[in-house]
Amino acid sequence: MKRFAVFALAVLGATTASMAQQQQAPTFATTKVEGTDNVYIFRYQNHQAMFVTTPAGVIATDPISYGRPQAAKAYLEEIRKITKAPVKYLVYSHHHYDHIAGGKVFKEAGARVSAHKRARERLAALKGIDVIVPDQGVGNKHVLKLGGTTLELHYVGRNHSDSSLVMFLPKQKIIFAVDFNSLGAVPSRLAVNDSYPGEWEASLKRTLALKWERQIPGHPGPGGRLGTRNDMEQQLAFMTDLSKSVKKESDAGKCFSPADTELKLPDYSKLTGYEQNLAWNVHRWCGYWGRGI
Ligand SMILES: [Zn+2]
């Protein structure tokens with residue numbers, strides 16, 4: 001299995017830090033993805049977004065500023081340290097606020113805001129505080145070309161949300177995919193709350209059909225690493241087994257309880273969060289399978 005690292009470009013976010021804070025990771029950081037000329041990750045606390053610089057402008061993604069408007073300001077300032085080219089696009093990965101609140105500073109800087117058309121519909125209806133409704137809602141595939149860089153936006157079906165886009169850089173073989181592929185982990189309660197169990201597996205297969213090698217996730221991976229195809233294949237295998245197993249429990253009348261506490265999937269017991277998260281997954285899939293008799 002190939003290993004990839006990210007190259008630290010600019011690190012310090014906080015201007016003042018106590019001794020305790022100094023021992024923790026900085027509040028935010030920008031890293032250039034190794035092996036690329038122009039692909040960056042902006043991390044703020046436990047969220048992160050990809051941005052791509054070109055001579056003709058910048059494509060930014062997810063403002064990640066839910067409840068912390070300073071994050072988007074820091075994000076834009078970090079881009080400005082790298083290039084003075086205009087921010088032309090801001091693309092949302094999906095409609096959940098923790099990833100897309102705070103787009104105002106990008107919009108005011110001149111960015112056109114894009115998302116899947118369902119995200120646009122939802123955000124227009126929800127009227128979230130500090131949430132910019134996309135200017136454009138895209139369909140199953142949309143291609144952005146800017147300054148020699150191509151970024152493909154693929155809608156791969158419903159999974160963690162009903163509006164998730166995979167952002168694919170075909171030349172760099174990199175995707176930015178958020179919240180529907182847990183790196184080395186069982187999906188969390190938050191990952192399955194608003195999900196579509198019967199369709200999630202198909203969306204992973206459609207994503208794997210794209211010719212990518214590395215995934216930038218919306219939350220830092222273990223040790224800050226990027227995702228691999230192996231991570232996604234593992235998530236698909238977990239979900240396939242989960243779904244089959246929960247259907248059996250449902251058919252036996254064991255949903256929601258006692259299946260949510262009794263069902264075990266020992267093949268995945270080494271994944272992070274197995275003990276804490278499995279019950280949430282069983283509960284959600286029990287809901288999908290109609291709870292049984
Ligand atoms: Zn989400």
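Small disclaimer: the values here were computed from a predicted structure and weren't measured. Ligands are counted one by one from 1 in listed order, and the atoms in each one are counted from 1 as well.
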Taking Lys32 first and then Asp37, would you say they form a salt bridge - that is, a charged N and a carboxylate O separated by under 4.0 Å?
no

Using 30° and 60° as the class limits, which term best fits the ring planes of His96 and His160: parallel, tilted or perpendicular?
perpendicular

Just to be careful: counting only protein atoms that are N, O or S, how many fall under 2.8 Å of the Zn ion (ligand 1)?
4

Under 4.0 Å between a side-chain nitrogen and a carboxylate oxygen: does that hold for Glu77 and Arg80?
no

Show me the pairs that pass salt bridge (charged side-chain N to carboxylate O under 4.0 Å, His left out) and involve residues 260-272, at least two apart or across chains.
none

Parallel, tilted or perpendicular, judged at 30° and 60°: which one describes the rings of Phe42 and Tyr44?
tilted

Test log, rule side chain to side chain contact (heavy atoms under 4.5 Å, CB included), inputs Thr272 and Asn277:
CA-CA 9 Å; Thr272 302; Asn277 296 338; over 6 Å; no

